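The next block holds one structure in the form of structure tokens; read it before the comments.
Just follow the structure's listing: the first ligand is 1, and inside any ligand the first atom is 1. Because the structure is predicted, anything quoted here is derived from the model rather than measured.
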Amino acid sequence: MNETSKSEQRIAADTLHAYVRAIWESAGSAPREAELVADHLVMSNLSGHDSHGVGMIPRYVSSLGDGELQLNTHAEIVRDAGAVLTVDGRKGFGQVVAYEAMEHGIERAKKFGVCAVGLRNAHHIGRIGHWAEQCAKAGLVSFHFVNVAGDPLVAPFGGIDRRFGTNPFCAAYPREGKNPLVLDFATAGIAYGKTRVAYNKGVTVAPGMLLDHEGRPTVEPKVMHEEPFGTLTAFGLHKGSGLAALCEIFGGALSGGYTTHEDTLQKTSAIMNCMTSVILDPNAFDAPAAQAEAEAFLEWMKASPRGEGVDAIYAPGEPEDARRAERGANGVPIDPTTWKQIRESAQKSGMAEAEIEKFASALS
Ligand SMILES: NC(=O)c1ccc[n+]([C@@H]2O[C@H](COP(=O)([O-])OP(=O)(O)OC[C@H]3O[C@@H](n4cnc5c(N)ncnc54)[C@H](O)[C@@H]3O)[C@@H](O)[C@H]2O)c1
């Protein structure tokens with residue numbers, strides 16, 4: 001799978017990681033924070049989710065400038081009910097506070113067999129699969145319901161204006177000796193960041209994903225980036241719209257955070273996420289054959305005769321595994337607009353021009 005288009009160039013993942021770390025250390029992050037942010041953003045790019053990769057840096061820099069994103073801030077357990085933890089992210093980097101919230105949840109799930117973690121007031125927690133993978137690495141199953149608090153971008157089924165966020169849902173299942181199954185998607189037909197990537201590249205999006213400001217279907221990503229603004233639609237008609245509503249309520253309300261409505265509309269460049277995660281220890285079930293049963297099912301599912309033009313039937317997470325292998329070997333593709341925006345962010349972070357130049361010239 002080689003996805004480099006004519007205008008895109010590639011950068012080695014470790015160089016990109018060092019650039020991201022340097023930007024955040026220049027902005028004032030402690031080394032561990034800069035490392036967690038770089039781990040997350042570069043892994044999103046490696047996984048093929050450029051919408052949640054290094055292209056987010058300009059938005060984070062704006063949020064920092066607006067006094068919203070709080071550097072060097074850690075997750076705080078505000079209520080400890082044993083197998084239920086309520087955690088306040090205190091507007092800290094999502095890449096830090098979600099990591100810490102999952103570490104607490106993992107420890108409790110190993111102790112009790114299950115732990116529900118409500119994380120509220122986290123600055124953007126990015127690709128949710130990253131948090132499910134953290135749980136899976138510890139051998140645990142997890143489900144995650146997330147809202148994008150106060151930042152409506154998606155119309156409900158039957159509606160024509162923005163009423164809720166792109167509210168992602170994620171579930172993961174660890175496999176013995178293999179990468180976990182990771183189902184991780186925005187409940188909008190496409191993630192907002194994918195409209196940004198398409199807009200920056202000057203290409204259209206698939207039909208059925210967007211409505212213009214008068215509710216007419218369109219494939220032009222500019223309706224999300226230029227006035228008059230249109231809206232994304234939920235995936236899967238009433239089913240996706242319903243899942244998005246429950247992500248809003250489980251993520252935003254149950255965590256003690258907030259949901260999207262007139263009083264909570266976000267007025268700055270911050271993206272605030274709340275997430276309710278349920279983390280389970282599969283060893284706590286009386287299911288010694290669970291791994292074998294899962295593998296038998298996956299083999300059966302993948303043996304379906306393929307439709308015309310379909311090269312493979314994938315289990316959840318396998319497309320990301322394939323992209324990680326390809327991009328790990330050949331580098332991460334970055335379009336020129338995104339690369340320029342990251343350079344401007346590096347300048348705003350206070351990084352020395354000579355150091356910026358060293359990284360900026362690494363794109364080949
Ligand atoms: N933090 C936030 O506020 C926020 C908001 C929205 C989305 N997101 C993130 O954006 C990312 C992208 O979301 P998306 O909706 O664009 O994802 P997507 O549409 O690419 O779907 C990804 C999921 O579908 C699976 N998949 C993809 N192609 C497949 C195929 N051919 N066969 C089988 N399975 C397949 C993948 O393994 C993955 O689980 C996600 O990581 C999500 O967590 C975050």
Side-chain angles (χ1 to χ4, degrees), residues 1 3 40-41 43-53 55-56 59-60 63 89 93-95 97-99 101 119-134 136 142-154 164-173 179-198 205-206 208-210 221 224 232-236 240 243-244 247-248 251-252 257 260 266 270-277 298 301-302 304 306-307 309-324:
M1 185 172 3
E3 313 156 62
H40 182 105
L41 296 181
M43 183 52 86
S44 294
N45 287 108
L46 281 170
S47 309
H49 293 293
D50 297 330
S51 55
H52 288 71
M56 289 306 300
R59 181 87 184 252
Y60 293 173
S63 179
F93 248 127
Q95 286 77 3
V97 297
Y99 176 83
L119 170 66
R120 65 196 192 210
N121 301 326
H123 195 266
H124 194 229
I125 60 175
R127 188 180 74 90
I128 309 307
H130 200 84
W131 313 122
E133 283 158 8
Q134 185 181 342
S142 63
F143 318 113
H144 309 260
F145 298 87
V146 181
N147 83 330
V148 193
D151 192 7
L153 292 169
V154 186
F164 45 69
T166 53
N167 296 359
F169 169 77
C170 179
Y173 188 84
N179 290 333
L181 301 174
V182 181
L183 178 65
D184 170 30
F185 55 74
T187 48
I190 49 171
Y192 173 73
K194 291 197 171 156
T195 71
R196 186 195 70 235
V197 173
V205 302
M209 305 295 161
L210 296 170
M224 300 306 292
L232 289 160
T233 55
F235 88 97
L243 180 56
C247 282
E248 188 76 34
T260 303
Q266 184 73 38
I271 307 174
M272 299 305 297
N273 282 135
C274 304
M275 169 166 77
T276 292
S277 302
L298 291 169
M301 179 185 87
K302 292 174 78 159
S304 175
R306 294 198 292 268
V310 175
D311 59 358
I313 293 171
Y314 293 107
E318 286 184 344
E320 285 75 11
D321 292 340
R323 283 194 214 101
R324 279 174 206 167

Identify the closest protein heavy atom to [atom]: which residue and atom is it, and at what distance?
{"atom": "atom 6 (C) of ligand 1", "answer": "Thr166 OG1, 3.1 Å"}
{"atom": "atom 8 (N) of ligand 1", "answer": "His52 NE2, 3.1 Å"}
{"atom": "atom 3 (O) of ligand 1", "answer": "Asn273 ND2, 3.0 Å"}
{"atom": "atom 1 (N) of ligand 1", "answer": "Gly126 O, 2.9 Å"}
{"atom": "atom 38 (C) of ligand 1", "answer": "Glu320 OE2, 3.4 Å"}
{"atom": "atom 30 (C) of ligand 1", "answer": "Tyr314 CD1, 4.0 Å"}

Proximal candidate to [atom] [heavy atom criterion; set [options]]:
{"atom": "atom 2 (C) of ligand 1", "options": "Met272, His124, Met56, Arg127", "answer": "His124"}
{"atom": "atom 15 (O) of ligand 1", "options": "Ala186, Ala172, Ala191", "answer": "Ala186"}
{"atom": "atom 16 (O) of ligand 1", "options": "His123, His49, Lys194", "answer": "Lys194"}

Contacts of Ala171 that satisfy side-chain contact (heavy atoms from CB on, under 4.5 Å) - sequence neighbours left out: Phe143, Phe169

Gly129-ligand 1 polar pair, N/O distance under 3.5 Å: no

Nitrogen or oxygen atoms of Val182 and ligand 1 under 3.5 Å apart: yes

State, without any angle test, whether [X] and [Y] hold a side-chain donor-acceptor pair at a distance under 3.5 Å.
{"X": "His144", "Y": "Ser277", "value": "yes"}
{"X": "Arg324", "Y": "Ser47", "value": "yes"}
{"X": "Glu248", "Y": "Asn167", "value": "yes"}

Ligand-residue contact atoms, ligand 1 with Pro316, heavy atoms, under 4.0 Å: 37 (O)

Proximal ligand 1 atoms for Gly317, defined as those under 4.0 Å from one of its heavy atoms: 37 (O)

What do you reckon, does [X] put a non-hydrogen atom under 4.0 Å from ligand 1?
{"X": "Asp184", "value": "yes"}
{"X": "Val148", "value": "yes"}
{"X": "Pro319", "value": "yes"}

Salt bridge (charged side-chain N to carboxylate O under 4.0 Å, His left out) assessment of Glu318 paired with Arg323: CA-CA 9 Å; Glu318 286 184 344; Arg323 283 194 214 101; over 6 Å; no

Least distance between heavy atoms, Ala132 atom then Ala172 atom: CB-CB, 3.6 Å

Side-chain heavy-atom pair Pro319, Tyr314 within 4.5 angstrom cut-off: yes

Geometric class of the His130/His40 ring pair [parallel <30°, tilted 30-60°, perpendicular >60°]: tilted

